[in-house]
Number of protein chains: 2
Amino acid sequence: MEALTDRQSEVLRLIRELTEVSGYPPTRAEIAEKMGFRSVNAAEQHLRALEKKGAIDISSGASRGIRVRDARSGGKLGRLLELPVIGRVAAGAPILAEENIQARYQLDPNLFTPRADYLLRVRGMSMRDAGILEGDLVAVHKTPEARSGQIVIVRLGDEVTVKRLRRRGHSVQLEPENPEFEPIEVDARSEALVIEGIAVGVIRSGKSL
Amino acid sequence: MEALTDRQSEVLRLIRELTEVSGYPPTRAEIAEKMGFRSVNAAEQHLRALEKKGAIDISSGASRGIRVRDARSGGKLGRLLELPVIGRVAAGAPILAEENIQARYQLDPNLFTPRADYLLRVRGMSMRDAGILEGDLVAVHKTPEARSGQIVIVRLGDEVTVKRLRRRGHSVQLEPENPEFEPIEVDARSEALVIEGIAVGVIRSGKSL
DNA sequence: CCATATAGTGGCAATATATACAGTATGCGA
DNA sequence: TCGCATACTGTATATATTGCCACTATATGG
């Protein structure tokens, strides 16, 4: 992040404070008022400068669309894990790309073994009989190594899917746990198959219950 | 805070999630879109209800003027919950008695709505088709109030069990989610029946996978 | 001297947003 | 049966807010 001027730092601090107090970011008008500007455009200009220097993100068109960047930096707090929740995975993008992250939750590191690296939101009912339902969060340990019989998170082309792994010599079988779905057979050396990790836990919350 | 309905809880959870991800609270239109409402007014009504019940504060006139009460604000991490894990429940003892506690895990308070008070280790497969398997931890919100259709944690004499609740006038039916088990019918006024709480989440870790 | 960044005033149009009003439908307790 | 809470659709409007334009002024580096 580029160095901020004194005035820009003041504005940034004000944005932090107002967000903290009210629960939502300020508008240009609110910033101008608190800073003593008689023109809202002064606030607008400061926001542009702050965005350009990487201090904040601005969502265009959205009211109060200001997000202070390093607000949640690091991700790790004390002995706790902060795990990102991955929703729909954009084609081509790596799973942990920022655009795929829907939320972040802090979880006790002792809960899952081996350590969970992220949570993946499940789509579809193909693992129903393993007690993994649509909307559930699967805790994923990131590793390319998986043994036969383990539940794995794999990428098949542009699709990310959760299935049980069976190794059969050179070929790999991805088994659903639901008789309504068909197993998938892939060549283990295929470029299209990438093992992203193994499932180490499941969390269900809210609606699916 | 008054008890929320299922739908209201979903809306609240969505607000938390959207705030978390974008850095600012959603508009009525955004809530409506994500919830699948075709009218923004549906979102408005839910917000009013949530405010009335004390779950959120609304600043009138301000865009995105929603503040979730007792949640982390402005990217700051709220306090964590330390939830006890309850194993076999000793006859006669209250569920949360020290002797029943097997472990404690720290969990993100935003993970479950309404708030989870403890985790109960599930025995048996009677809720298999609801995706709740033997060994799973059910997150329980402690309340004597449960509506028909909710998954409840009840005490029947000396047994603590998880079932789906159906109200039928004076009598209460406890339905398993597994055709191999029989529903249990109890008189609602029976002394033997105590509703300990409702299930707000499920966590599975390790071997059961 | 010129381009560029900083730091403002002042005004305005397009659109994002909150919020009122008019309905429909269901379940629940009195 | 009535009233009330819940859970929505659909329309409309006032206003909150963004984002652009024109303009002034100071400072800094090439």
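Each chain gets a letter, A, B and so on, in the order its sequence line appears, and its residues count up from 1. Given the structure is predicted, the values throughout are model-derived calculations rather than measurements.
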> Identify which nucleotide among D:dT6, C:dT19, C:dT9 has an atom closest to any side-chain atom of B:Glu44, counting heavy atoms from C-beta outward.
C:dT19
> Would you indicate what B:Ala62 reaches in the nucleic acid, counting non-hydrogen atoms under 4.0 angstrom: base, sugar-phosphate, or nothing?
sugar-phosphate
> Tell me whether the side-chain N or O atoms of B:Ser39 pair up with the base of D:dG10 as donor and acceptor below 3.5 Å, since no angle test is needed here.
yes
> In whole angstrom, give the distance that lies between atom CG of B:Leu4 and atom C1' of D:dA7.
15 Å
> Below 4.0 angstrom, N of the basic side chain to O of the carboxylate: do B:Arg13 and B:Glu10 qualify?
no
> Applying side chain to side chain donor-acceptor pair (under 3.5 Å) between B:Arg48 and each of B:His46, B:Gln45, B:Glu51, B:Glu44, report the one that passes.
B:Glu44
> Quick one: is A:Arg7 getting a side-chain N or O under 4.0 Å of the C:dG8 phosphate, OP1 or OP2?
yes
> A:Glu177 and side chain to side chain contact (heavy atoms under 4.5 Å, CB included): which partner among A:Arg128, A:Lys163, A:Met127?
A:Met127
> By nearest atom, which of the nucleotides D:dT11, C:dG11, C:dC21 is closest to the A:Asn41 side chain?
C:dG11
> Given atom CG of B:Leu47 and atom C1' of C:dA20, what is their separation to the nearest angstrom?
15 Å
> Rounded off to whole Å, could you give me the CD-to-P distance for the B:Glu10 and D:dT6 pair?
15 Å
> What nucleotide among C:dT17, D:dC8, C:dT6 has an atom nearest to a side-chain atom of B:His46?
D:dC8
> B:Ser60 side chain: which of D:dT17, D:dC20, C:dT19 is closest?
C:dT19
> Using whole Å, what does the distance between atom P of nucleotide D:dT9 and atom CD of B:Glu33 come to?
13 Å
> Can you tell me how far C1' of C:dG8 sits from NZ of A:Lys34, to the nearest Å?
21 Å
> Could you work out which one of D:dG10, C:dA7, D:dT6 sits closest to the side chain of A:Thr5?
C:dA7
> If I take atom CE in residue B:Met35 and atom P in nucleotide D:dC8, what distance separates them, rounded to the nearest angstrom?
6 Å
> In whole angstrom, give the distance that lies between atom CD of A:Glu30 and atom P of C:dT17.
14 Å
> Where do B:Ser59 and B:Arg67 land on the side chain to side chain donor-acceptor pair (under 3.5 Å) test, with the steps shown first?
CA-CA 8 Å; B:Ser59 327; B:Arg67 134 162 273 184; over 6 Å; no
> Between B:Val40 and A:Ser59, name the one whose nearest nucleotide on DNA chain D is closer to the 5' end.
B:Val40
> Please pick, from D:dC8, D:dG19, C:dT6, the nucleotide with the shortest atom-to-atom distance to any side-chain atom of B:Phe37.
D:dC8
> Are OP1 or OP2 of D:dT17 and a side-chain N or O of A:Arg64 less than 4.0 angstrom apart?
yes
> Below the 4.0 Å mark, does C:dG8 have OP1 or OP2 next to a side-chain nitrogen or oxygen of A:Gln45?
no
> Between D:dT18, C:dA18, C:dT6, which nucleotide gets closest to the side-chain atoms of B:Arg28?
C:dA18
> Just the rounded figure in Å: distance from C1' of D:dA7 to CD1 of B:Ile31.
15 Å
> Base, sugar-phosphate alone, or nothing: which one does B:Arg48 contact when heavy atoms must sit under 4.0 Å apart?
sugar-phosphate
> Between B:Ser205 (side chain) and A:Leu111 (backbone), is there a donor-acceptor pair under 3.5 Å?
yes
> Are the side chain of A:Arg64 and the backbone of B:Ser63 linked by a donor-acceptor contact shorter than 3.5 Å?
yes
> Considering just the side-chain nitrogens and oxygens of B:Lys53, establish if one lies under 4.0 Å of OP1 or OP2 belonging to D:dA5.
no
> For B:Arg147, answer base if it contacts any base atom (sugar-phosphate contacts may also be present), sugar-phosphate if it contacts only those atoms, and nothing otherwise; contact means non-hydrogen atoms under 4.0 Å.
nothing
> Measuring from the side chain of A:Thr27 (C-beta onward, heavy atoms only), which nucleotide among C:dT9, D:dT18, D:dG10 has the closest atom?
D:dT18
